[in-house]
2 protein chains.
Amino acid sequence: MARTTIHDIARELNTSSSTVSKALNDHPSISAATKELIKAAAQNLNYRQNRLASSLRSGRTNIIGILIPSSEIGFFGGVVHGIEKIARSNGYNILLFQSSDTGEYEVEGVETLLQTSVDGIIASIAKDTPTLDHFFDVKKRKVPLILFDRVKDELNSPSVVVDDYKGAFMATEHLIQQGYTNIAHISGPQHIKIFNDRLCGYVDALKMNNLPVNDDLIQYGRNSIESGRFSAERLLGRNKDMDAIFAVEDFTALGALQYLKQNGIKMPEKIGMIGFGNESFSPYVTPSLSTIDQQPARMGEEAFNLFLEAMAKKTAGNNGSAVEEVEEEPKKIVLEPVLIVRESSVKNG
Amino acid sequence: MARTTIHDIARELNTSSSTVSKALNDHPSISAATKELIKAAAQNLNYRQNRLASSLRSGRTNIIGILIPSSEIGFFGGVVHGIEKIARSNGYNILLFQSSDTGEYEVEGVETLLQTSVDGIIASIAKDTPTLDHFFDVKKRKVPLILFDRVKDELNSPSVVVDDYKGAFMATEHLIQQGYTNIAHISGPQHIKIFNDRLCGYVDALKMNNLPVNDDLIQYGRNSIESGRFSAERLLGRNKDMDAIFAVEDFTALGALQYLKQNGIKMPEKIGMIGFGNESFSPYVTPSLSTIDQQPARMGEEAFNLFLEAMAKKTAGNNGSAVEEVEEEPKKIVLEPVLIVRESSVKNG
DNA sequence: ATGAAAGCGCTAACAT
DNA sequence: ATGTTAGCGCTTTCAT
């Protein structure tokens, strides 16, 4: 009835539990014949390793903790998918925690992950985290910490983000190449870095292509569909010759798109449109929405790879050599944004 | 440098580690004063419980394993969100495994979860699982197994699904109430239970409302956007007076919607439309798509509650009373589908 | 190549 | 109310 242990196997074969343990772990000092014997017996007795005991003894769990705002959000679901897939193929499992963008839950999550002795933590930081103490705690414990998307430079951790500036630049330049010349931008709150980055990308793309930057063509919204609708109205009101909009997020673009459609303005003929984020609805609106993809699954993979590197470094550091503990510059991966061209931005479909 | 243990605390306070353990776990036999003292010391020494050791000893991990096809799929992301949220508030954590709808990965996932001694498993079964042996293994180990959405009656496990028949019935009846009378249905492969259930719901709603069931108005598709487009064309070709479509999935509805739009057929005036599944794009297509919501987060919560019940039953069973071990009928929760009315089905908006 | 023995950090039965 | 003790199942050093 009770679970089979290595002792049961040892008894069965008149050998010792340490031999069984070694055989099962393919230790080189055990003969091939013994290994075969032991593995067969294990199979017969329906043995299954107790990972708790193994981890307690060895000090590693092969579990990595993931901390995200919510798996309900498409982007994070995609990242988790990416991490889980590559983690599994490397013998790691995923312990998932959602912060709901709350600092309180985030602290609790980090606490639990540390208690569980996860081998590392991959996190995207909650919006309203008042302090970063809990993350410094992780570093203090020498548990590898990798950040993605919502990163904080103060933590001095390896990270992976998408190049927002470049994505915005690509989006804007794409519109220019399609023949649009009076291109507006609906931005977001400027204290959030990514929105400012995207604004800069927009501005630089115009400059680089010798187009004037017109303040009237820039509208600061609040990142909602409603705000997109409103912003489109305002932009159109003061710019009779506006012929394209680059919106800071697909949701904003969607609102603008709805407004233009309601007012009988043809897209992409009269006004071109491109968003940012490649939301799941974007291919299916009318006209289908051109956008910038942030490669969520890829981001997850890269984050896991950074974790593996950190682990390797940690192991190497433990070899007892008396090298000075120099905190080196952490690796920061910047993913290429991907331009997705659909109907809303192609004048001559 | 090394982690603080209860022994460190005991040494610090000249007491024993068992007292410390009890105090930290709020055991009633420890005086309030001692508890306070010990908790303060723990705080000072930055003590953090080692869950591995605790779990190894106590036999429970407070971790539940989740097995889903993919967190990239919106529905499953929502379910995971629901489970994680309620699990956390009950002191449980989530170990996540994705099968990618592959039997092989699913087997591997179950294996890992059992090795990790999870307290229970909540799973949605992969499409191409050739055998259910791995799940029977779970039951053999007396690990509570809860299924959702993709369930198998043979496993005789508690489960939670949405009432597909009723959802289809509601969708069809809604169209009838809106004044549509020649209502078509785009169905899916009939060997998949949910699609057949939905077909039955459609048929019965017509009958119940004294409308004729016309075979020409039923088209069997393959559950894709493309198939929806094609099906709409076929239906329209042989039914000049068709005035509404109930599609088996939102994706199918979307294809049909695209076809009708391209052919200048006004919705909802000329033809009404409703889908099933409440996909994330559905509110944003034109016209916005009426549909049936499957309550993913709610489904996750209910699944977790079933797990708690199973745990309670298991604990109660262990009290040594000599009751006959009768396998009782497992509880099967059937969630109410929710009708979401949007533009595509409201004639007199 | 194999085995003996110690111990990872904790809990819980049993003394006191 | 507190302390002693044993041991969960495994890995790993050291001896043989």
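All figures in this text were calculated on a predicted structure; none of them were measured in a lab. Reminder, nothing fancy here: chain letters follow the sequence lines and each chain counts from 1. Below, each value reflects all heavy atoms present in this structure, side chains not excepted, and no hydrogens, waters or symmetry copies.
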Open item on the list: Using the rule given for side-chain contact (heavy atoms from CB on, under 4.5 Å), can you reason through B/Val20 versus B/Ile38, listing the C-alpha separation, both sets of side-chain angles and the distance that settles it, and then say yes or no?
Closed with: CA-CA 6 Å; B/Val20 174; B/Ile38 289 178; 3.9 Å; yes
Open item on the list: Before you tell me yes or no, could you show the steps for B/Ser18 and B/Ser21 under side chain to side chain donor-acceptor pair (under 3.5 Å), namely the whole-Å CA-CA distance, both residues' side-chain angles and the distance that decides it to 0.1 Å?
Closed with: CA-CA 5 Å; B/Ser18 72; B/Ser21 172; over 6 Å; no
Task: Derivation and outcome, ring-ring contact (aromatic ring centres under 6.0 Å, His included), residues B/Phe304 and B/Tyr92 - done: CA-CA 10 Å; B/Phe304 182 80; B/Tyr92 282 89; 5.7 Å; yes
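Evaluation of the ring pair (Phe, Tyr, Trp, His ring centres under 6.0 Å) test over residues 107-149 of chain B, restricted to residues two or more places apart or in two chains, returns none. Pairs passing the salt bridge (charged side-chain N to carboxylate O under 4.0 Å, His left out) check and including a residue from residues 110-125 of chain B, sequence neighbours excluded, read A/Arg48-B/Glu111.
Within residues 108-121 of chain B, no residue has any heavy atom closer than 4.0 Å to DNA chain C. Residues from residues 21-38 of chain A with heavy atoms under 4.0 angstrom of DNA chain C, sorted by number: A/Lys22, A/Ser29, A/Ile30, A/Ser31, A/Thr34.
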Is there any protein nitrogen or oxygen under 3.5 Å from a nitrogen or oxygen in nucleotides 7-9 of chain C, and what are the pairs?
| residue | atom | partner | partner atom | Å |
| --- | --- | --- | --- | --- |
| C/dG7 | N2 | A/Arg57 | NH1 | 3.3 |
| C/dG9 | N2 | B/Ala53 | O | 3.3 |

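Here A/Glu309 pairs with A/Lys331 under the salt bridge (charged side-chain N to carboxylate O under 4.0 Å, His left out) rule; sequence neighbours left out. Contacts of B/Asp133 classified as salt bridge (charged side-chain N to carboxylate O under 4.0 Å, His left out), with partners at least two apart in sequence or in another chain: none. Residues satisfying the salt bridge (charged side-chain N to carboxylate O under 4.0 Å, His left out) criterion with B/Glu106, sequence neighbours excluded, are absent altogether. Applying the salt bridge (charged side-chain N to carboxylate O under 4.0 Å, His left out) criterion to A/Asp101, with sequence neighbours excluded, gives A/Arg150. Qualifying side chain to side chain donor-acceptor pair (under 3.5 Å) partners for A/Asn50, counting only residues two or more places apart in sequence or in other chains: none. Remark: B/Thr116 pairs with no residue by the side chain to side chain donor-acceptor pair (under 3.5 Å) rule, at least two apart or across chains.
A salt bridge links A/Lys332 with A/Asp153: at least one charged nitrogen is closer than 4.0 Å to a carboxylate oxygen.
Here A/Ser55 lies out of heavy-atom contact (under 4.0 Å) with every strand.
Computed from C1' positions of five pairs at each end, the angle between the two local axes of the helix from C/dA1-D/dT16 to C/dT16-D/dA1 equals 30°, rounded to 10 degrees.
Taking only side-chain nitrogens and oxygens, B/Ser16 comes nearer than 4.0 Å to OP1 or OP2 of D/dG3. Look at B/Ser17 and you won't find any side-chain N or O under 4.0 angstrom from OP1 or OP2 of C/dT11.
The nearest whole Å value for the distance from the CZ atom in A/Arg11 to the P atom in D/dC10 is 12 Å. Rounded to an integer number of Å, the gap from CZ of A/Arg60 to C1' of D/dC10 is 15 Å.
If you run side-chain contact (heavy atoms from CB on, under 4.5 Å) between A/Ile68 and each of A/Ile125, A/Val79, A/Leu96, only A/Leu96 comes through.
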